[in-house]
Amino acid sequence: MTLAITPGTFDPITFGHIDIIMRAATLMDEVIVAVAESTPKHTLFTIEERTQLAREATQHLANVTVESFDTLLVDYAQKRHANAVIKGLRAITDFEYEFQMNAMNQQLDVSLETVFIMSPPEFMYLSSSVVRELASLGGDVSKFVPACVDAALREKFASR
């Protein structure tokens, strides 16, 4: 059985993330969307909110589960007995960062493979930070995120 982890902050999850997760689900027997709790980023949504939104956004995928984690990715992957980490790549800047992360992870656990999936052109520009900024300014993000995320963003920014 192949088990892959698709890690990220998912603040919030976007259609770009979901595209990578759906494609990973066709390649692997099981995929865990691992929502990172410990992050240097200041998140808009709590870990509980991000995990719940990811669950709602991926509930249509039978072989995908969503969990949060607060350890090193390698330690989490070992605990879950994962075969691979799947990451999406949008541009060369993503590649440079992910290349460094892969090199470090290989030093920590040589058996953990990293698989990169290229984003399709319609999602090359899409990021959670762009979605958050657009939503914070009252822009329509419904083309970029699932309805549950759109509603959560509107609620979050209405209270500010």
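A quick note: this is a predicted structure, and the numbers were derived from the prediction, not measured. Heavy atoms only: backbone and side chains are in, while hydrogens, waters and symmetry mates are out.
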(request) Applying side-chain contact (heavy atoms from CB on, under 4.5 Å), name anything that partners Glu30, two or more places apart in sequence or on another chain. (result) Met1, Leu3, Ile32, Thr65
(message) Per the salt bridge (charged side-chain N to carboxylate O under 4.0 Å, His left out) rule, what does the pair list look like for residues 71-85, sequence neighbours excluded?
(response) Glu67-Arg80
(message) Between Gln52 and Glu48, is there a side-chain donor-acceptor contact under 3.5 Å, judged purely by atom types and distance?
(response) no
(request) Tell me, please, which residues at least two apart from Phe123 pass ring-ring contact (aromatic ring centres under 6.0 Å, His included). (result) none
(request) Only counting residues at least two apart or in another chain, list the ones meeting side-chain hydrogen bond (donor to acceptor under 3.5 Å, both in side chains) with Asn83. (result) none
(message) Suppose we screen for side-chain contact (heavy atoms from CB on, under 4.5 Å). Which residues come up paired with Ile92, at least two apart in sequence or across chains?
(response) Phe95, Glu96
Which pairs of donor and acceptor atoms, one on a side chain in residues 22-29, lie under 3.5 Å apart (sequence neighbours left out)?
| from | atom 1 | to | atom 2 | distance (Å) |
| --- | --- | --- | --- | --- |
| Arg23 | NH1 | Asp19 | OD2 | 2.8 |
| Arg23 | NH1 | Met118 | O | 2.9 |
| Arg23 | NH2 | Met118 | O | 3.1 |
| Thr26 | OG1 | Arg23 | O | 2.7 |
| Asp29 | OD2 | Thr2 | N | 2.7 |
| Asp29 | OD2 | Thr2 | OG1 | 3.4 |

(message) Applying side-chain hydrogen bond (donor to acceptor under 3.5 Å, both in side chains), can you list everything that pairs with Thr14, at least two apart in sequence or on another chain?
(response) His17
(request) Tell me, please, which residues at least two apart from Val115 pass side-chain contact (heavy atoms from CB on, under 4.5 Å). (result) Ala84, Ile86
(message) Does anything in residues 118-147 form a salt bridge (charged side-chain N to carboxylate O under 4.0 Å, His left out)? List the pairs, not counting sequence neighbours.
(response) Asp11-Arg132
(request) Could I get the full list of side-chain contact (heavy atoms from CB on, under 4.5 Å) partners for Gln59, not counting sequence neighbours? (result) none
(message) My understanding is that a hydrophobic cluster links ILVMFWY residues whose side chain heavy atoms are under 4.5 Å apart, including indirect links. Using that, what else belongs to the cluster containing Met101?
(response) Tyr97
(request) List for me each residue that meets ring-ring contact (aromatic ring centres under 6.0 Å, His included) alongside Tyr76, sequence neighbours excluded, and say none if there are none. (result) Phe69
